[in-house]
Amino acid sequence: MGNNYYFASDFHLGIDYPQTSKERERTIVSWLDSILPETKALFLLGDLFDYWYEYSEVVPKGYVRLLGKIAEFSDRDIPVHVFTGNHDMWMFGYLEEELGVHIYKEPLRLSIDGKNFMVGHGDGLGPGDHGYKLIKKVFSNKINQWLFARIHSNTGIKLMRYFSKSSREAQEKIPAFKGPEEEWLIQYCERKLETEEIDYFIFGHRHIPIDYTLRNGSSRYINTGDWLHHNSFACFDGQKMQLLNFDKN
C-alpha cells in the first residue's frame, strides 16, 4: 500500500461523448493501473456511470474493465470510497457486495494526516440549482424508486439511456469558471467555514478542474473536473494537495 490519497469523478461511462465509452474506460483503467502501487485510499466522487439502476437481480451491463480494476484495489486492501452522483444515485448495495467498496450518498467529513476534509459529489449543495434539487428529491424518494423497479429492466435501462442522451447537449455547454460570486460550491464552502474547520473541500459535478483558495486564505476548494475532456484528478500525499491530469501516452 502506498502513501497517496486519490480523488476523481465524473467518468460518465455509458455515453459515447466525446470519445466512445469503452475508450474512456480504458483510459481510466490505465490511470488506475498507474496509481495502484502508490495508493493508500481511492475516492471516486460520483457520476462514474451516466446512468445506473440496481434492480434486485439486474444491473446495467458493461463496465467490466473498471469494475474489475476497482475490485483489484479492494482485494489488495486499498480502501475504495464511492460517492453517488446525480447520474448514478440509484446504487443500493451491489458494488459494496461485489467489489468491497464503501458507498456514500452524502458528503463525508474525515481527517487525513491531520487535515480536515469534506468530500462528496457536490450536487445540490449551495444556493441555486433549484430545478435539480427538486429532481433529486423525486429520484431519491423510496416510493418512486419502488415504482421504477416495477418497470421491466430492459425498458427501465432504455429509459435511463434516453435521458442520458438528452443530457449530452448539456455536457457540451459546461460554462468556464464563473468566479466566487457565481460558483455555488464556493459559496457552500465559505458558509461551512463559518462553523467548521475544514482544510480541503473536494467535490466533482462541476466538470472543470478548480483549485480555489477560500477567503480564510488557507482552506481550498478542489473540483476534480471530469474524464470527458480533462482526465483530471486530485492527489494528497499527506502534506501536499495537487490537481493533476493523466496522459496515458
Side-chain angles (χ1 to χ4, degrees), residues 4-13 28 39-52 70 73 79-93 95-96 99 101-113 115-140 174 177 180 183-214 216 219-228 230 232-236 241-244:
N4 293 346
Y5 300 82
Y6 288 94
F7 307 82
S9 70
D10 295 275
F11 299 163
H12 285 275
L13 295 177
I28 294 163
T39 303
K40 190 168 186 178
L42 175 65
F43 295 81
L44 301 177
L45 307 184
D47 284 359
L48 309 186
F49 312 105
D50 204 62
Y51 52 89
W52 184 268
I70 291 174
F73 275 68
V80 179
H81 305 277
V82 176
F83 293 76
T84 59
N86 48 301
H87 281 255
D88 52 15
M89 66 174 66
W90 286 349
M91 294 181 181
F92 302 130
L95 298 181
E96 290 175 297
L99 308 183
V101 304
H102 308 278
I103 300 289
Y104 305 91
K105 296 184 180 295
E106 299 293 337
L108 175 69
R109 294 165 179 79
L110 69 159
S111 178
I112 300 176
D113 292 334
K115 297 293 186 180
N116 295 322
F117 284 69
M118 178 179 283
V119 182
H121 182 60
D123 55 319
L125 302 180
D129 209 5
H130 300 295
Y132 167 69
K133 290 177 181 177
L134 176 61
I135 292 172
K136 185 174 182 179
K137 285 184 179 180
V138 172
F139 284 1
S140 60
I174 298 296
F177 182 72
E183 293 284 348
W184 295 330
L185 282 171
I186 288 180
Q187 295 177 47
Y188 173 82
C189 296
E190 297 286 12
R191 290 183 182 179
K192 281 294 178 184
L193 287 176
E194 294 174 2
T195 57
E196 299 183 51
E197 292 185 5
I198 298 173
D199 299 292
Y200 297 106
F201 297 86
I202 306 184
F203 297 116
H205 186 56
R206 185 63 177 83
H207 281 254
I208 57 173
I210 299 171
D211 185 349
Y212 183 84
T213 301
L214 297 162
N216 65 8
S219 299
R220 288 159 63 188
Y221 155 55
I222 306 289
N223 197 290
T224 52
D226 69 10
W227 288 71
L228 296 167
H230 301 100
S232 49
F233 62 96
C235 175
F236 181 65
M241 173 68 73
Q242 292 181 286
L243 190 56
L244 304 167

Applying salt bridge (Lys or Arg N to Asp or Glu O under 4.0 Å), name anything that partners Lys40, two or more places apart in sequence or on another chain. none
If the condition is salt bridge (Lys or Arg N to Asp or Glu O under 4.0 Å), which residues does Asp211 pass it with, not counting sequence neighbours? Arg220
Quick one: list whatever passes side chain to side chain contact (heavy atoms under 4.5 Å, CB included) with Leu108, sequence neighbours left out. Phe83, Tyr104, Leu110
Go through the structure and list residues passing side chain to side chain contact (heavy atoms under 4.5 Å, CB included) with Ser9, not counting sequence neighbours. Leu45, Thr224
Straight-line distance of Phe233 CZ to Gln242 CD, nearest 0.5 Å: 8.5 Å
Taking every non-hydrogen atom, the tightest pair across Gly204 and Leu185: O-CD1, 4.0 Å
In chain order, what residues pass the side chain to side chain donor-acceptor pair (under 3.5 Å) check against Asn223, with sequence neighbours excluded? Tyr221
By salt bridge (Lys or Arg N to Asp or Glu O under 4.0 Å), which residues pair with Glu96, not counting sequence neighbours? none
Distance check, rounded to the nearest 0.5 Å: Leu228 atom CG versus Leu13 atom CG? 9.0 Å
Please report the closest heavy-atom contact between Gly225 and Asp10, naming both atoms and the distance. O-OD2, 3.6 Å
Where does the angle between the aromatic ring planes of Tyr5 and Phe43 fall among parallel (under 30°), tilted (30 to 60°) and perpendicular (over 60°)? tilted
Who pairs with Asn216 by side chain to side chain contact (heavy atoms under 4.5 Å, CB included), at least two apart in sequence or on another chain? Leu193, Leu214, Ser218, Ser219
With a 4.5 Å cut-off on side-chain heavy atoms, are Ile186 and Phe177 touching? yes
Going by salt bridge (charged side-chain N to carboxylate O under 4.0 Å, His left out), name the pairs with one or both residues in residues 197-207, residues two or more places apart or in two chains. Glu183-Arg206
Mind checking ring-ring contact (aromatic ring centres under 6.0 Å, His included) for Tyr200 and listing every partner two or more places apart, or none if nothing turns up? Phe117, Phe236
Just how far is it from atom CG of Leu44 to atom NE2 of His121, taken to the nearest 0.5 Å? 12.5 Å
To the closest 0.5 Å, what do you measure between CG (Asp47) and CZ (Phe11)? 10.5 Å
Among all residues two or more places apart in sequence or in another chain, which pass the side chain to side chain donor-acceptor pair (under 3.5 Å) test with Glu196? Arg109
Under the ring-ring contact (aromatic ring centres under 6.0 Å, His included) rule, collect the residues that match up with Phe49, sequence neighbours excluded. Trp52, Tyr63
Does any donor atom in the side chain of His205 or Asp123 lie under 3.5 Å from an acceptor atom in the other side chain? no
At what distance, to the nearest 0.5 angstrom, does CD of Gln187 lie from CG of Leu125? 12.0 Å
Apply side chain to side chain contact (heavy atoms under 4.5 Å, CB included) to His230 and list each qualifying residue two or more places apart in sequence or on a separate chain. Ile208, Pro209, Asp226, Ser232, Asn245
